[in-house]
Number of protein chains: 2
Amino acid sequence: MVATLRDVARAAGVHPGTASRAMNPETEQLVNHATVMRVRKAAKALGYVPNPVARSLKTNRSQSLGAVIPDITNPLFPPIIRGFEDVVAEAGYNVLVTNTDNDAIREGRQIAELRARQVEGMIVATATIEDEALRQLVADHVPVVLVNRVEPNLAVPSVAGDDVSGIRQAVAHLKSLGHRRVAHLAGPQTTSTGIARLRAFRQELTDQGLEFDEALVVLCDQYREADGKAALEQLLDGPEVFSAVIAANDLLALGCYDAMKDRNLSCPSDLSVVGFNDMPFVDKVHPPLTTIHVPHYEVGAEAARIVLERIKDPGKSPISVLLPVSLIVRGSTTAATRS
Amino acid sequence: MVATLRDVARAAGVHPGTASRAMNPETEQLVNHATVMRVRKAAKALGYVPNPVARSLKTNRSQSLGAVIPDITNPLFPPIIRGFEDVVAEAGYNVLVTNTDNDAIREGRQIAELRARQVEGMIVATATIEDEALRQLVADHVPVVLVNRVEPNLAVPSVAGDDVSGIRQAVAHLKSLGHRRVAHLAGPQTTSTGIARLRAFRQELTDQGLEFDEALVVLCDQYREADGKAALEQLLDGPEVFSAVIAANDLLALGCYDAMKDRNLSCPSDLSVVGFNDMPFVDKVHPPLTTIHVPHYEVGAEAARIVLERIKDPGKSPISVLLPVSLIVRGSTTAATRS
DNA sequence: TTGTATGCGTTATCAA
DNA sequence: TTGATAACGCATACAA
């Protein structure tokens with residue numbers, strides 16, 4: 001049916017071993033150039049295409065990588081995946097994507113499955129990966145890089161946006177618009193972004209001479225619109241006065257829109273809102289969301305380079321890359337009304 | 001390092017062949033129950049996990065499927081992929097997703113790659129797949145199902161939304177609002193959806209007693225926002241009067257928003273707009289888009305069932321499934337102003 | 001019910 | 001520079 005190396009060898013009148021060497025760029029120098037040509041020609045004629053499964057069995061390398069994400073349906077992840085794939089494809093790798101729904105059990109199974117399929121490395125973009133699972137991975141020397149998350153306690157490389165810089169830009173922007181009392185919808189404190197952005201918020205407010213008020217911070221359980229809505233409602237119901245809010249991510253910010261609509265408040269005239277991530281489509285919502293742009297495609301691409309690097313040279317010490325982020329001013333922020 | 005069947009067999013004091021049979025649910029009845037237990041226990045103790053690569057080489061089945069899509073970054077596709085994955089995962093399959101960017105050459109390479117990796121079947125969601133490539137697939141008896149696309153000339157199963165019903169609902173909705181002159185931004189006529197929706201538009205207009213005017217139809221080269229914008233501008237620059245437009249998909253509809261904003265026209269008071277697909281986030285744009293909801297997750301899930309079916313029973317005659325779609329009325333349509 | 005032997009397609013080691 | 005041979009881990013036809 002489909003041609004094998006054997007067939008090619010026979011057609012070219014050489015031994016399969018020779019054919020193998022001739023077909024492989026890495027070993028072709030071990031064989032006479034004329035023979036190489038002959039084999040290649042025969043291969044082409046027969047439509048030979050190497051069987052990666054057999055190769056993988058022999059070499060223990062599958063030419064494939066894993067990508068563990070919460071949910072491909074979350075618009076944050078497709079660009080990351082795409083950046084990852086584009087880069088690893090250059091090196092001949094395929095990608096197995098797997099959705100965990102942030103469920104630890106699912107995640108454990110998925111990772112086991114990926115390993116069973118002999119992936120040579122993986123990126124992990126789930127916020128909730130069990131430290132234990134991660135530890136196991138590094139203990140087994142599986143090249144893994146964290147995405148959108150850092151893990152200071154483990155020697156694991158990571159790629160993420162620069163949260164501190166992002167919050168700094170957001171705060172500076174609001175300050176320049178005259179806002180003094182700024183609230184923060186903090187992300188889940190089980191996630192490294194949630195923690196980092198809250199910490200940066202506190203830091204930047206004081207650094208930039210604005211007063212940090214604990215009462216203006218609400219912790220959200222999850223990065224979901226509903227949580228953002230509830231959080232802002234809680235703030236609105238409270239006694240504190242504030243004219244702007246920095247949400248830990250865009251979904252939370254969109255939740256603010258919902259809360260405001262319910263109460264007939266208008267954004268940005270009643271309240272300025274800043275998001276984080278610059279998800280696709282937040283430029284299309286009303287009002288277009290002012291947010292921190294994270295270069296997700298680049299995040300995936302950079303993660304890919306690091307994984308590839310570590311496959312080639314497992315001994316390399318893990319590096320953490322912080323990609324620059326930038327404030328995108330759109331319609332959801334405006335000058336504070338003097339009062 | 002990692003336990004193999006051999007190790008398990010040795011630990012259980014049986015022959016590897018027996019261990020193999022004991023581990024496999026399909027053959028475990030061929031072996032003494034007590035032995036099965038013993039082998040299983042040893043396997044667990046050793047943390048044995050079968051090597052799918054070796055199995056695949058032996059059985060010619062890879063337990064993996066392919067998904068050929070234009071671009072995971074297009075919000076249309078993640079739900080499809082997710083539906084597909086969720087269903088095939090139940091059957092123990094993995095999914096290899098590949099982006100073609102609607103580039104025929106890329107696509108050819110990707111499909112070849114998928115086949116080299118021994119996928120047992122695939123879904124194809126690219127609009128532009130070469131008939132030739134498709135023909136080759138069916139000739140080689142690769143279980144393939146088309147998604148979001150039908151191919152009447154080939155015996156290939158497909159899953160898609162019911163375009164005719166969608167357009168019918170859109171037209172009925174606009175008619176009920178008093179619109180008489182309705183324009184259509186047609187999708188690329190190289191795609192089956194583009195063709196079907198245009199044909200349905202023409203049909204429904206006359207069926208429902210509205211006049212079909214060729215001058216109110218603009219063909220878009222691609223399903224992109226920019227094309228929708230250009231198309232509406234062309235219409236606006238022309239002499240024809242119209243009060244509503246049905247776009248062949250949501251992106252085109254969003255393009256209409258752009259064109260109108262540029263000209264200080266207001267939607268829906270100046271012009272009602274209906275999209276198609278109900279992409280994520282079109283409920284968040286301004287005004288929220290009235291559109292035809294296509295159950296994309298279900299499309300992927302149904303495609304999965306059909307692929308699985310065909311792997312089990314390759315002889316089955318190909319079926320085409322049209323999933324019901326429904327009009328979602330939001331803010332971009334309103335009553336026609338009497339004039 | 002279990003053991004034996006062989007082969008899937010490739011690469012790697014060794015010898016020629 | 002090439003050939004011979006074995007082996008990767010598993011499944012299966014056949015024998016016992």
Side-chain angles (χ1 to χ4, degrees), chain A residues 1-40 42-43 46-64 92 112-113 115-120, chain B residues 1-40 42-43 46-64 92 112-113 115-120:
Chain A
M1 187 75 186
V2 48
T4 111
L5 204 44
R6 233 192 184 72
D7 303 324
V8 174
R10 190 165 0 187
V14 299
H15 190 272
T18 307
S20 170
R21 288 181 288 249
M23 292 303 294
N24 192 324
E26 310 217 356
T27 48
E28 84 170 81
Q29 75 252 349
L30 298 179
V31 31
N32 186 299
H33 186 63
T35 321
V36 171
M37 299 318 275
R38 198 148 38 89
V39 171
R40 290 261 169 91
L46 292 175
Y48 168 75
V49 25
N51 184 330
V53 178
R55 171 178 294 165
S56 175
L57 180 60
K58 184 65 188 172
T59 61
N60 262 323
R61 292 180 300 117
S62 60
Q63 289 289 96
S64 65
E113 168 78 11
R115 298 191 59 178
R117 292 198 178 242
Q118 322 284 324
V119 297
E120 296 179 42
Chain B
M1 185 75 186
V2 50
T4 109
L5 206 43
R6 233 194 187 70
D7 304 324
V8 175
R10 190 165 1 188
V14 298
H15 191 272
T18 306
S20 171
R21 285 181 288 249
M23 292 305 293
N24 192 323
E26 310 217 355
T27 49
E28 84 170 82
Q29 76 254 348
L30 298 178
V31 32
N32 186 299
H33 185 64
T35 322
V36 171
M37 298 317 274
R38 198 148 38 92
V39 171
R40 291 260 168 89
L46 292 175
Y48 168 74
V49 25
N51 184 329
V53 178
R55 171 179 293 165
S56 174
L57 182 59
K58 182 68 189 166
T59 61
N60 263 322
R61 292 181 299 117
S62 60
Q63 289 290 95
S64 66
E113 168 77 11
R115 298 192 59 178
R117 291 198 179 243
Q118 322 285 324
V119 297
E120 296 179 42

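Note that the coordinates shown come from a computational prediction; the quantities given were computed from them, not determined experimentally. Naming: A, B, ... by sequence-line order, numbering from 1 per chain. Worth knowing before you read on, the calculation uses all heavy atoms, side chains too, and leaves out hydrogens, waters and symmetry mates.
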**Q** For a quick test of reading the model, state the closest non-hydrogen atom pair linking A/T27 to A/R21 and the distance between them.
**A**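 Shortest heavy-atom separation between A/T27 and A/R21 comes out as OG1-O, 3.1 Å.
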**Q** With a non-hydrogen cut-off below 4.0 angstrom, is B/T35 in contact with a base, only sugar-phosphate, or nothing?
**A**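 Sugar-phosphate: the residue B/T35, judged by heavy atoms under 4.0 Å, touches backbone atoms but no base.
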**Q** Heavy atoms only: give me the nearest A/D7-A/V2 pair and the separation to one decimal.
**A**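 What the structure gives for the nearest pair is OD2-O, 4.2 Å.
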**Q** Please confirm whether the backbone N or O of A/A12 pairs with a side-chain atom of A/R38, one donor and one acceptor, at under 3.5 Å?
**A**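 Yes; judged by distance alone, with no hydrogens or angles, the pair exists.
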**Q** Of all heavy-atom pairs between A/T35 and A/V31, which one has the smallest distance, and what is that distance?
**A**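 Residues A/T35 and A/V31, closest heavy atoms: CB-CG2, 3.8 Å.
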**Q** Tell me what A/V14 touches on the nucleic acid: a base, only sugar-phosphate, or nothing, going by heavy atoms under 4.0 Å.
**A**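 Sugar-phosphate contact only.
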**Q** When you check every protein heavy atom under 4.0 Å of nucleotides 11-16 of chain D, what one-letter string (B, S, -) results, 5' to 3'?
**A** BBB---
**Q** Under a criterion of less than 4.0 angstrom to any heavy atom of chain A, what are the 5'-terminal and 3'-terminal contacting nucleotides of DNA chain C?
**A**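 Here the contact window of chain A covers C/dG9 to C/dT13.
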**Q** Any non-hydrogen side-chain atom of A/P50 less than 4.5 Å from a side-chain atom of A/M23?
**A**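 They are not in side-chain contact.
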**Q** Hey, is the main chain of B/A22 close enough, under 3.5 Å, to the side chain of B/R40 for a donor-acceptor pair?
**A**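 Yes.
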**Q** Should we say atom CD of A/Q29 is surrounded by more than 12 heavy atoms from elsewhere, each under 6.0 Å from it?
**A**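 Count over threshold, so yes.
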**Q** Is a side-chain donor or acceptor of A/Q118 paired with a backbone partner of A/R61 at a separation under 3.5 angstrom?
**A**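 A pair under 3.5 Å: no.
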**Q** Supply the atom-to-atom distance B/T4 OG1 to B/R10 CZ, rounded to the nearest 0.5 angstrom.
**A**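 Reported to 0.5 Å precision, the distance equals 8.0 Å.
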**Q** If you pin B/H33 and B/L57 to their nearest nucleotides in DNA chain C, which one's is more 5'?
**A**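 Whichever sits nearer the 5' end wins; that is B/H33.
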**Q** Any idea which heavy atoms bring A/L46 and A/A11 closest together, and the distance?
**A**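 Distance-wise, the nearest heavy atoms are CD1-CB, 4.0 Å.
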**Q** Work out how much the helix from C/dT1-D/dA16 to C/dA16-D/dT1 bends between its end axes, five pairs an end, to the nearest 10 degrees.
**A**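 Its terminal axes enclose an angle near 40°.
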